[in-house]
Amino acid sequence: EAATQVILDGMQWLGLTADEGPFYQTRRMDRYREVLDQFLADGHAYHCYCTKEELAEMRSRQEAAKQKPRYDGTCRHGRQPRPGVDPVVRFKNPVEGTVVVQDVIHGNVVFENTELDDLIIARSDGTPTYNFCVVVDDWDMKITHVIRGDDHLNNTPRQINMLKALGASVPAYAHVPMILGTDGAKLSKRHGAVSVLQYKEEGYLPEALLNYLVRLGWSHGDQEVFSMEEMQRLFDIKDVNKSASAFNPDKLLWLNQQHIMRATPQRLAQYLKPQLAALGVEAADDAKLAAVAKAQAERAKTLKEMAQNSVFFFKDLDGYDEKAAKKNLTAESAPVLAAVRERLAAMQDWSAAAIHGAINEVATAFDLGLGKVAQPIRVAVSGTSVSPPIDVTLEVLGRNSVLERLGAAIEVARAA
RNA sequence: GCUCCCAUCGUCUAGAGGCCUAGGACACAGCCCUCUCAAGGCUGGUACGAGGGUUCGAAUCCCUCUGGGAGCGCCA
């Protein structure tokens with residue numbers, strides 16, 4: 001239950017919505033049983049009484065002889081039921097000829113039927129197996145395109161044979177290349193594979209993840225950044241490459257930033273809010289949230305990072321970064337900060353432009369470069385040496401907080 | 001082992017015989033811009049796995065090898 005919910009939630013977050021379903025194979029058992037009986041009745045399948053032990057022995061014999069392990073067909077031509085053995089059901093695969101998988105990506109892939117054996121389609125307890133269930137599903141649901149990882153290419157000829165036995169039409173197949181880990185090795189649970197929801201938690205935008213994924217094995221000229229709309233309009237499964245690709249977290253990060261810069265502040269605010277909440281910061285003011293998001297957009301690779309760097313906008317400072325304070329909150333900067341505070345306190349129009357003007361005037365009055373003035377202010381209001389442009393930072397922070405924090409910083413600077 | 005798939009910078013890719021002294025992007029380095037950090041701009045290095053063919057000409061077509069991946073379950 002929990003596992004399926006993760007998949008469903010992940011799809012929803014990515015905006016990959018379905019027209020119908022989901023369908024559960026566990027609820028279609030009667031139908032599979034029906035087709036199984038049909039196969040048995042018309043001779044496309046048979047009961048196999050070979051035991052697991054016998055099969056294991058056969059397998060090790062074949063492996064020792066450097067052969068491909070496969071069922072030898074002992075029960076294929078009829079065998080008396082054996083007491084104490086619950087039979088499995090095997091599909092009677094054609095013994096000669098070839099199966100051609102007409103793949104949208106790989107072209108025609110030819111398999112010899114002699115390479116295929118009679119696969120088990122129902123276990124000894126009567127339950128159907130995966131390769132059989134999907135065939136029945138594809139048939140019943142009139143599937144036109146089967147798009148999946150190319151690790152399934154080898155399963156396809158068996159499925160086509162079953163489809164043909166059913167008299168069903170064969171869908172178009174597209175076997176897309178796999179995504180490998182950073183080191184080119186297969187992605188596995190303990191090696192880089194994570195739930196898509198983990199990217200949500202880490203502050204990625206769904207369109208960024210999708211954009212990254214869509215460019216793996218596919219391209220459109222030199223374009224790197226695609227909006228959701230562009231992806232839908234431009235992507236065509238026929239243009240997908242055949243070769244596997246390695247996952248590159250750096251590029252995903254870059255793309256995420258690109259999409260953050262392109263997103264509206266309102267939408268960023270919606271994602272930023274829970275990220276701040278995770279840091280224990282309550283941000284109730286949506287307008288302020290959007291203003292912060294706008295100011296931080298081009299300096300955050302993830303929403304999580306943005307939240308971390310934006311805490312000071314919403315919460316009182318609990319101290320200064322030591323190095324930053326030592327360098328900027330000094331006896332020399334104290335009068336400068338005081339002058340800035342005085343001017344800001346007297347300002348009518350609390351806007352970035354007006355703030356910028358005021359700071360410039362102070363810099364001129366003290367015959368200092370802008371940096372010598374801005375940096376102490378930055379430390380005073382943010383506690384660190386990094387923030388959005390100082391005028392924007394002060395505007396968003398609001399007059400009360402700014403004056404209060406400047407006051408506190410002046411005390412510290414004087415004492416230095 | 002057998003069968004199938006794949007093969008251009010470290011990575012993602014462009015390239016469908018001459019436009020390729022191989023283009024773009026991420027990352028990296030340097031410079032510019034600059035109130036910090038970024039963003040942005042400019043510059044730089046690094047690739048057609050190897051060997052045979054075909055052709056006037058091959059990254060592009062063919063073959064072999066090599067390398068990587070997948071499948072070969074009473075798993076999905």
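None of these values were measured; they are calculated from a predicted model.
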Closest to the A:M261 side chain, choosing from B:A7, B:A39, B:C74: B:A39
Donor-acceptor pair under 3.5 Å, A:N154 side chain vs B:A70 base: yes
N/O donor-acceptor pair, side chain A:E298 with base B:G40, under 3.5 angstrom: no
Base paired to B:U55 (Watson-Crick or G-U; both N/O distances under 3.5 angstrom): none
Whole-angstrom distance between B:A50 and B:A14, as gauged at atom C1': 24 Å
B:C35 versus B:A29 - spacing of their P atoms, nearest Å: 24 Å
C1' spacing across the pair B:G24 / B:C9, given as an integer number of angstrom: 12 Å
Rounded distance in Å between the P positions of B:C28 and B:A38: 11 Å
Whether A:Y173 and A:H175 hold their rings parallel, tilted or perpendicular, with breakpoints at 30° and 60°: parallel
Residue whose closest nucleotide on RNA chain B lies nearer the 5' end, A:H152 versus A:K66: A:K66
Modelled atom types, side-chain donor and acceptor of A:Q296 and A:S310, under 3.5 Å: yes
Contact under 4.0 Å: A:H106 side-chain N or O vs B:C6 OP1/OP2: yes
Identity of whatever pairs with B:G17 - Watson-Crick or G-U, under 3.5 angstrom: none
Proximity of A:W254 and A:Y212 rings by center, below 6.0 Å: no
Distance (rounded to the nearest 0.5 Å) between A:N360 CG and A:I355 CD1: 12.5 Å
Contact under 4.0 Å: A:K251 side-chain N or O vs B:C12 OP1/OP2: no
Aromatic ring pairing A:H152/A:Y130, orientation class (parallel under 30°, perpendicular over 60°, tilted between): tilted
Phosphate OP1/OP2 of B:C2 contacted by A:R70 side-chain N/O (<4.0 Å): no
Paired nucleotide for B:C35 [Watson-Crick or G-U wobble; both distances under 3.5 Å]: none
Euclidean distance, atom CG of residue A:D250 to atom P of B:U11 [Å, nearest integer]: 14 Å
base_contact_polar (B:C35 base, A:R378 side chain, donor-acceptor, <3.5 Å): yes
Presence of donor-acceptor pair under 3.5 Å, side chain of A:T129 and base of B:C74: no
A:S387 vs B:U36: side-chain N/O to OP1/OP2 distance below 4.0 Å: no
Watson-Crick or G-U wobble mate for B:C48, both contacts under 3.5 Å: none
A:N155 CG - B:A70 C1' separation (whole Å): 10 Å
Partner nucleotide, any strand, of B:A22 [Watson-Crick/G-U, under 3.5 Å]: none
Between A:F132 and A:F91, ring centroids under 6.0 Å: no
Heavy-atom pair with the smallest gap, counting every atom of A:P157 and A:L116: CB-CD2, 3.9 Å
Opposite nucleotide pairing with B:C72, Watson-Crick or G-U, both atom distances under 3.5 Å: B:G1
Rounded interatomic separation in angstrom, taking CG from A:D150 and C1' from B:A7: 13 Å
Short side-chain N/O contact to B:A39 OP1/OP2 from A:Q257, under 4.0 Å: yes
C1' spacing across the pair B:A16 / B:G73, given as an integer number of angstrom: 41 Å
Pairing nucleotide - B:C9, Watson-Crick or G-U, each distance under 3.5 Å: none
A:E112 CD to B:U3 C1', straight-line distance once rounded to whole Å: 10 Å
Residue met sooner reading RNA chain B from 5', once A:N131 and A:P388 are mapped to nucleotides: A:P388
Separation between the P atoms of B:U11 and B:G68, rounded to whole Å: 14 Å
Pairwise C1' distance, B:C26 and B:A47 [rounded to whole Å]: 16 Å
Nearest-Å distance once atom P is located in both B:A59 and B:C65: 23 Å
